[in-house]
Amino acid sequence: GSGVIQSNGGIGSGDYPGGGGAGGRIALYYDTNTLPFDATHLQTYGGSGYQYGGPGTIFSRKMSEDANGVLRIFNQPNPSQPTPLYGVAGGSVTFDQVIVGNNATLLLVPYNNGNTNYTDDSTFVLNANNILIDSGGKIISDGQGYVGTGGDGAGVGGGKGGYWVGAGGGYGGLGGNAFDGHVGGVAYGSVTEPNVLGSAGGAGVNGSNTYYAGGNGGGAIRFVISGTLTINGTLSANGSNGTAGRTGGGSGGSIWVTTNVLAGSGVIQSNGGIGSGDYPGGGGSGGRVAVYYTTSTMPLDAAQLQTFGGSGQQYGGAGTVFLQQSSGDLRGTLLVDNNTHIDQYAVLPAGQAYNFSSVILSRGGNLRLTETQSGDVFTFDGLTIGADGTLLLIPYSDGDTNYTNDLPFKLNATTVTIDSGGRIISDGQGYVGTSGDGTGTGGGKGGYWVGAGGGYGGLGGNAYDGHS
């Protein structure tokens, strides 16, 4: 036939309009079909109103071919509420195909039991033969990570907050610090298999002494696709902006994709949220993205693959993007890019060795690496530090006065390129100053009154009062 199957939402009415009703659900099971399965003939549009209702779902299954059926989300041209799918603890969702049309948004909500044991929450796992996100369409988990509260943000990397200004949440990098000195959240999680939720920004207080929660962290998405992932729109797990007066932005979340073919001209995003307020909160850090593929026609650069830190009193650090092609690339490429904003660092969590074919820092992409007691070795075949990129290397020190068991940072590389304006540094990462003599074999004498300079390759300078 050539007719229409509809389950559309109703219109919100009034001079102060009510909200539009959501679209319903359609399920079609068939053996043969000549009806076009498109947005004209299958309608589950949300109704108009103060805000359009979200579109409903269209499920179809050809009994002789589709074991798991096809999920379609079609929408009318106006902005509307999203269409949610909810994850379960340790579970997954499977379709033969998922199609998200122009102006439609599929919201994936990972499982979060709401307590502070962050190890038992679950990424949203979607298995499919093919996924298509049309131009203008979106599959998102924006703001679906750990939530802002009236104090510190929830999550492992929650930004510090409460009274007065909230800091940004951390995940793939460090959260941005707040105007009042509250510290941004820490980095955590896996670089190559990101599967945890992003952390919230810290709370803030406005001039009326009202507390506002920081922005939520981004959610966590895992795609396992046997055929083709086509992104002409957006796939994202962005952190939320600070909610109001002086709050921190949430960190980006996790996107972990395994696909045979990656195609399209759209974007994959796990960006941090913006710190808000007249005395600004800190920006949330970028999240973590990992993409495993056999072939790709999608450009694999910072325009298409984004883990930018959010703005604020201090920008959050960039997150990480890991890429690995299944044929001929056994160790993969690490990208760190912060969209020209030079502030906090992306972080590879300490305690393991990292071995990449290529590491590229670009456009304010700062990266912090930390040595541990086990003497982990970092091996990068190619290392490129672009203009305004900084690689910070932190050696191991156990903090005691036996200076023979501390370790230098060990980095093996075949080719290192440092562009004009790029840096590899370990500035200030040696033995620390105290309220007396400086630590280290060559610590300068000090205490009361004036301290002398530390020595190493030469003698430290004597102080005004004779300390040497």
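Keep in mind that what you see is a predicted model, and the values were worked out from it rather than measured.
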Report task. Test W256 against S190 for side-chain contact (heavy atoms from CB on, under 4.5 Å), laying out the working first. Result -> CA-CA 10 Å; W256 176 10; S190 172; over 6 Å; no
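- In the model, S236 has a side-chain atom that pairs as donor or acceptor with a side-chain atom of D142 under 3.5 Å.
- For the pair D419/T417, a side-chain contact is recorded, criterion being any heavy-atom separation below 4.5 Å from C-beta on.
- Between Y292 and T192, the closest side-chain pair of non-hydrogen atoms falls below 4.5 Å.
- Legend: residues meeting ring-ring contact (aromatic ring centres under 6.0 Å, His included) with H341, ordered by chain and number and at least two apart, are Y315.
- Among residues two or more places apart in sequence or in another chain, the side-chain hydrogen bond (donor to acceptor under 3.5 Å, both in side chains) test is passed with T390 by R423.
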Report task. Dump the intermediate steps for side-chain contact (heavy atoms from CB on, under 4.5 Å) on N271 and N339, then the final yes or no. Result -> CA-CA 11 Å; N271 297 330; N339 198 27; over 6 Å; no
**Report entry** Verdict with reasoning, T57 to T44, per side-chain contact (heavy atoms from CB on, under 4.5 Å)
**Finding:** CA-CA 7 Å; T57 57; T44 56; 6.0 Å; no
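- The OG atom of S276 lies 10.0 Å from the OH atom of Y212; values are rounded to the nearest 0.5 Å.
- Between the side chains of S240 and N216, not a single donor N or O lies within less than 3.5 Å of an accepting N or O.
- In terms of the side-chain hydrogen bond (donor to acceptor under 3.5 Å, both in side chains) criterion, residue partners of D465 (sequence neighbours excluded) are, by chain and number, H467.
- Of the N and O atoms on the side chains of S254 and R288, not one donor lies less than 3.5 Å from an acceptor on the other residue.
- For the pair L108/Q144, no side-chain contact is recorded, criterion being any heavy-atom separation below 4.5 Å from C-beta on.
- Residues that satisfy the side-chain hydrogen bond (donor to acceptor under 3.5 Å, both in side chains) test with R368, not counting sequence neighbours, are absent from this structure.
- Side-chain atoms of Y293 and L300, non-hydrogen and from C-beta on, do get closer than 4.5 Å to each other.
- Using a 4.5 Å cut-off on side-chain heavy atoms (C-beta onward), T340 and D388 make no contact.
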Pairs under 3.5 angstrom only: tabulate donor-acceptor contacts from the side chains of residues 49-56 to other protein residues two or more places apart or in another chain.
unit_1	atom_1	unit_2	atom_2	d
Q51	OE1	Q81	NE2	3.4
Y52	OH	N78	ND2	3.0

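- Among residues at least two apart or in separate chains, ring pair (Phe, Tyr, Trp, His ring centres under 6.0 Å) pairs with a member in residues 140-168 are Y118-Y146, W164-F179, W164-Y279.
- In this structure, the side chains of R246 and D180 stay at 4.5 Å or more apart for every pair of heavy atoms.
- How far CD1 of I418 is from CG of L383: 7.5 Å, rounded to the nearest 0.5 Å.
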Query raised in the report: Stepwise, does the side-chain contact (heavy atoms from CB on, under 4.5 Å) test hold for Y354 with L334?
Result: CA-CA 10 Å; Y354 290 93; L334 179 70; over 6 Å; no
